[in-house]
Engineer: 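Below is a structure I'd like to ask you about.
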Amino acid sequence: MDIDKRTKGYKAHKIVSTALCAVASVAIIVFFVPLLIDVLTQTPDPNASVDLSGLGNAIYIVLAAIGAGIALALYIPSTVLGIIGWKGTLKQYKGKEKRGDKIWFGILTILPIAMEILLLSSILLVI
């Protein structure tokens, strides 16, 4: 009975970590990618007396920096919970891990790093 409780706990860690990672990743993709495309494809109006294209860049930089901080705040607990769930699974199967667990842990580790790099490099691109 004790093994079943631990198994449920490891699965809960994995589910929560996946949900946190998914929320942050989907929010970045849905919100920041269209905003970045809009900022990069914006052309200044030659008839305007004041050029506001720099303002759009500044707003994107501020929002992307805030988004990177929020995403990092979600990615760190997600990765920690994922490590707990993965290590618990390893203990449960006595070192013999399943292929799905390796793939899951790899995605849970690589995706946050890749998303943060993309978000921070987009800030440099806009500057």
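All residue numbers in this chain count up from 1 along the given sequence. This one's a predicted model, so the numbers in the text were calculated from it and none came from an experiment.
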Engineer: Please round to the nearest 0.5 Å and tell me the distance separating atom CG of Leu40 and atom CG of Asn57.
Structural biologist: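 Answer for the CG-CG pair, Leu40 versus Asn57, is 8.0 Å.
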Engineer: Can you tell me how far the CD1 atom of Ile61 sits from the CG atom of Leu124, to the nearest 0.5 Å?
Structural biologist: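 Result: 9.0 Å between the selected atoms.
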Engineer: Which value, rounded to the nearest 0.5 Å, describes the distance between Ser25 atom OG and Leu118 atom CG?
Structural biologist: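 Answer for the OG-CG pair, Ser25 versus Leu118, is 10.5 Å.
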Engineer: Find the distance between CD1 (Ile123) and CG (Leu36) and round it off to the nearest 0.5 Å.
Structural biologist: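 Nearest 0.5 Å value for the CD1-CG distance: 10.0 Å.
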Engineer: Supply the atom-to-atom distance Glu116 CD to Ser121 OG, rounded to the nearest 0.5 angstrom.
Structural biologist: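 So the CD of Glu116 and the OG of Ser121 are separated by 10.5 Å.
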Engineer: A side-chain contact here means heavy atoms from C-beta on lying under 4.5 Å apart; do Ile113 and Tyr75 qualify?
Structural biologist: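 Contact flag for Ile113/Tyr75 side chains = no.
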Engineer: Nearest 0.5 Å, what's the OG-CD1 distance between Ser78 and Ile83?
Structural biologist: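 The distance works out to 9.5 Å.
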Engineer: Does one hydrophobic cluster hold both Ile15 and Leu108, with members joined at side-chain heavy-atom distances below 4.5 Å?
Structural biologist: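 No, Ile15 does not connect to Leu108 through the hydrophobic network.
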Engineer: Looking at Leu20 and Pro77, what are the two nearest heavy atoms and their distance?
Structural biologist: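 It is CD1-CB, 4.1 Å.
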Engineer: Grouping I, L, V, M, F, W and Y whenever their side-chain heavy atoms are under 4.5 Å apart, do Ile66 and Leu120 come out in a common cluster?
Structural biologist: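 In one cluster with Ile66: Leu120, no.
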Engineer: Determine, using the 4.5 Å side-chain heavy-atom cutoff (strictly less than), whether Leu35 and Ile29 are members of one ILVMFWY cluster.
Structural biologist: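 Same hydrophobic cluster.
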Engineer: Membership question, hydrophobic clusters at under 4.5 Å side-chain separation (ILVMFWY): are Ile127 and Tyr60 in the same one?
Structural biologist: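 Looking at the clustering, Ile127 is in the same group as Tyr60.
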Engineer: What heavy-atom pair brings Ser17 and Gly82 nearest, and what distance separates the two atoms?
Structural biologist: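 Shortest heavy-atom separation between Ser17 and Gly82 comes out as CB-N, 3.5 Å.
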Engineer: So, for Gly56 and Val39, which heavy atoms are closest and what is the spacing to 0.1 Å?
Structural biologist: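 For Gly56 and Val39, the tightest heavy-atom pair comes out as O-CG2, 3.9 Å.
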Engineer: If hydrophobic clusters are built from ILVMFWY residues whose side chains come within less than 4.5 Å, do Phe32 and Leu125 share one?
Structural biologist: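 Yes; tracing contacts between hydrophobic side chains, which count when under 4.5 Å, links both residues.
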Engineer: Return the minimal non-hydrogen interatomic distance between Ile107 and Pro112, and the atom names on each side.
Structural biologist: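 Shortest heavy-atom contact: O-CD, 3.9 Å.
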